[in-house]
Each structure stands twice: as structure tokens, then as C-alpha cells.
S.K.: 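First the structure, then my questions, so here it is.
Ligands are counted one by one from 1 in listed order, and the atoms in each one are counted from 1 as well. Quick note: numbers below take in every heavy atom, side chains included, and nothing from hydrogens, waters or symmetry partners.
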Amino acid sequence: MISAPLIDRLALIGAGLIGGSIARAARAAGTARTIVVTARSPQTRRRVVELGFADQVTETSAEAVKDADLVIVSIPVGASGAVAKDIAPYLKKGAIVSDVGSVKAAVMRDMAPHIPRGVHFVPAHPVAGTEDSGPDAGFAELFVNRWCILTPPEGADPRAVERLKAFWSAIGANVETMTPDHHDLVLAITSHLPHLIAYTIVGTANELGEVTESEVLKFSAGGFRDFTRIAASDPTMWRDVFLHNKDAVLEMLGTFNEDLSRLTRAIRRGDGEALFDHFTRTRAIRRGIVQLGQDSARPDFGRAHGGLPMASLPRPYASDDD
Ligand code: NAP
């Protein structure tokens, strides 16, 4: 028996990595009968038509949300308040408005005042992504086995929350609910601070006097290149994250600086025991992430390694006819 799609009309505002992945996933899973997409620029809208992951591409957000049962705003968090204001007069009674922003308290503060009575507001954050952006970057499997955190405001209709949960589950995500402030604190340490550190270290390496830029690139496999992946993330998105999750990031940065000072002191004093104990604890955290299925168990993130040069193969493997 084929069950009816969960959502009749899904409207996506923003068609980048996240909006484009939601559209592709909803289509692949048959979660929405009609998928309507809009984006700010004509170039992106044209590209969505070419890529064909929407049933309809509209010029304005107002047209996109008309008659939609679920509206997901998938744009940088700094722009979400203005978009909520734009779409408010066109929302259908009973519709659910959600988002995907990496920060929750500020987005709720900016969007909630514009959501009309009779429309359900249930913010969300899929904790999944890559360093790429734009409509070409999305793919249907992005959310599979990743967490999506919902932060419903107090008094939200439980049926609307359940419906949004079901939507994210249908496209492969595991769903958890928490308060926006707690979300912002958790993500400050698991996502925002790591990005800040990556942006810092890549910038620092670029400014070194004694090590040339070509040496940094050449020997990057020593650890640097894993930071460069994160530091290649979208500048607009990340500017907005730090501007909108200022307090939680500053709190975590304070703790981080204390820990960095402790490790600095251990290096200066030659305290090998302190360094060894610390590194043993962090190794266990990596193993925990793998055990929870949140990363590959294969070493070096499962990267493919090239074959050995033929000339170095031992003699018995080479043919006599060579
Ligand atoms: P993206 O690939 O850069 O796409 C952003 C989309 O937003 C584009 O369609 C863009 O339209 C539109 N947009 C940009 N500025 C806008 C504005 N001022 N007003 C209206 N539309 C605007 O970004 P993304 O990675 O999908 O991120 C979107 C949201 O998802 C962000 O809030 C981010 O915090 C959250 N998020 C991202 C990740 C990640 O890893 N990237 C993970 C989880 C959540 P044009 O193309 O026409 O400019």
C-alpha cells in the first residue's frame, strides 16, 4: 500500500545546500506532493529549474508560501526576521513555519513576532552539512542518520511539532527537541567554536613569516587540511552565526582559552603526564562519536590513499615479460 505524502505542499525559501537537500530528499522519499522553491536571486532560481528538484519555482516568497502546509526558511539566520515579515500576510491558516538556522534563540526572537495567529511556528536545525553552498551543493542523503533539533516555543501545538518531526524522520533524520538556549549552548561547543578555531588556524598559517605558503599547502596532510575543510564554509552563514550566538560562543571561548592556557603551561613545563592524560581523554571522545555512528570508523576519515609507485613493488610481483 502506498501511503499519502505527509505534506501536501512544501514551500522552501532559499535553495542552497540545505534548502536544495530538503527538496531533493522530500522528493526522493515522497514526503511532499508538491515542492515549491524560491530564492533571492534570478540566477539561483534559474539553476533550480535546470536541476529540476522542485515542482514549481516562484519569483517571490509570497507566491511560494501561498497554500503551503509546511514552509521551511533555509537562508542565513540574519535574514530570517525580514523573510518572516514578508511571508506573514500570505501564510495559510494551520500552516507550519519552520527554519533550518544554526542558531535558535535569535531566530525565534526575530521570526516569532511576525507569525500570524493560527499559523504554527516550530523552528528546527538539521545538524548536517558540508563546506559547499548553493543549489548545486545539495543532495538527498544529507540528513540520513544525522540529528535534527526542534526548538518549539512554549505552548506550541503538539500536533504541529509531531508533524514536523515526522517530516524530518521521513527524510532520514533522527529528531530531538530542546529549548533554544540549550541548543545554542550545545552547538556553540560542537559546531561554532570548532569553526572559529578552524578559521583562526587557517588564517594564522597564512600569515606566518618563516614557513612559506607553498610549504603549508604541501605538508597540509599533517592535520592542517582537516581544518581547511571547515574554514572553507560559507562566510555569510558563519558571520551570521557568530553575530547571533554571541553569548554562548563567548562563554565557550572563555572555557576554551582556560584549557588552552593549561596545555600551554604543560608544554612550557615539560609536563608529559598532563599532556598524555589530556590526549587520552580526547581520543576516547573520538571513539565515542564513531560508536554512535556519527562518523566512519575507518582511519583518516576513510580517505582513499593512492597506490604504491610500480617501481617499488618487490620483484616476485613483477612479470618476467616486463
Ligand atoms: P547556502 O547554500 O549559501 O544557501 C543560502 C540560500 O539563502 C540561497 O538560496 C540564497 O539565495 C538565500 N539567501 C542568502 N541571503 C539571503 C537574504 N538576505 N534573503 C533571502 N535569501 C537569502 O546556505 P545553506 O548552507 O543552505 O544555509 C542556509 C541555512 O542553513 C543557514 O541559516 C545555516 O545556518 C543553516 N545550516 C547550514 C548548514 C551547513 O552546513 N551549511 C547546516 C545546518 C544548517 P541566492 O542563492 O539567491 O543568493
Side-chain angles (χ1 to χ4, degrees), residues 11-25 36-51 53-54 57-65 71-87 97-108 110-111 114 123-144 146-151 168 171-173 175 180 183-184 186-188 190-192 194-195 198-199 229-245 248-249 294:
L12 292 160
I13 301 183
L17 170 70
I18 303 297
S21 295
I22 296 173
R24 288 168 170 98
V36 188
V37 171
T38 191
R40 179 179 54 164
S41 68
Q43 294 94 307
T44 300
R45 296 197 296 268
R46 213 172 308 124
R47 190 64 189 138
V48 175
V49 173
E50 284 163 9
L51 291 166
F53 60 69
V57 179
T58 66
E59 277 193 25
T60 65
S61 304
E63 290 169 81
V65 303
V71 176
I72 305 185
V73 177
S74 308
I75 63 173
V77 291
S80 46
V83 164
K85 188 173 177 205
D86 275 0
I87 61 174
V97 174
S98 188
D99 78 313
V100 294
S102 308
V103 173
K104 294 275 59 97
V107 165
M108 288 176 76
D110 294 350
M111 288 183 76
H114 303 293
H125 174 208
V127 186
T130 73
E131 64 277 27
D132 293 335
S133 41
D136 286 85
F139 53 99
E141 301 78 16
L142 179 63
F143 310 110
V144 174
R146 299 275 90 93
W147 285 94
C148 181
I149 302 173
L150 307 192
T151 59
W168 279 103
I171 59 172
V175 186
H183 165 279
D184 289 354
V186 172
L187 269 292
T190 56
S191 169
H192 306 169
H195 275 80
Y199 281 125
R229 186 192 73 74
I230 300 178
S233 300
D234 187 66
T236 307
M237 168 187 159
W238 283 97
R239 175 203 63 196
D240 281 12
V241 167
F242 291 114
L243 293 179
H244 290 82
N245 198 21
V249 169
Q294 293 300 301

S.K.: Output yes when a side-chain donor or acceptor of T58 lies under 3.5 Å from a complementary backbone atom of T38, and no otherwise.
M.R.: no
S.K.: Does the side chain of K104 come within less than 4.5 Å of D99's, by heavy atoms?
M.R.: yes
S.K.: At less than 3.5 Å, what protein N or O atoms come close to the N or O atoms of ligand 1? Include the distances to 0.1 Å.
M.R.:
| residue | atom | partner | partner atom | Å |
| --- | --- | --- | --- | --- |
| ligand 1 | 2 (O) | L17 | N | 2.8 |
| ligand 1 | 2 (O) | G134 | N | 2.8 |
| ligand 1 | 9 (O) | A15 | N | 2.8 |
| ligand 1 | 15 (N) | R40 | NH1 | 3.4 |
| ligand 1 | 26 (O) | L17 | N | 3.2 |
| ligand 1 | 26 (O) | I18 | N | 2.9 |
| ligand 1 | 32 (O) | I75 | O | 2.6 |
| ligand 1 | 34 (O) | S102 | N | 3.2 |
| ligand 1 | 34 (O) | S102 | OG | 2.6 |
| ligand 1 | 36 (N) | S102 | OG | 3.4 |
| ligand 1 | 46 (O) | T44 | OG1 | 2.6 |
| ligand 1 | 47 (O) | R40 | N | 3.4 |
| ligand 1 | 47 (O) | S41 | N | 2.7 |
| ligand 1 | 47 (O) | S41 | OG | 2.7 |
| ligand 1 | 47 (O) | T44 | OG1 | 3.3 |
| ligand 1 | 48 (O) | R40 | NE | 3.3 |
| ligand 1 | 48 (O) | R40 | NH2 | 2.8 |

S.K.: Sequence neighbours excluded, which residues qualify as ring pair (Phe, Tyr, Trp, His ring centres under 6.0 Å) partners of F143?
M.R.: W168
S.K.: Without placing hydrogens or testing angles, list every side-chain donor-acceptor pair under 3.5 Å for residues 15-22, not counting sequence neighbours.
M.R.:
| residue | atom | partner | partner atom | Å |
| --- | --- | --- | --- | --- |
| S21 | OG | L17 | O | 2.6 |
| S21 | OG | F139 | N | 3.0 |
| S21 | OG | F139 | O | 3.4 |

S.K.: For E59, does the CD atom sit with more than 12 other heavy atoms under 6.0 Å from it, leaving out its own atoms?
M.R.: no
S.K.: H195: what forms a ring pair (Phe, Tyr, Trp, His ring centres under 6.0 Å) with it, not counting sequence neighbours?
M.R.: W238
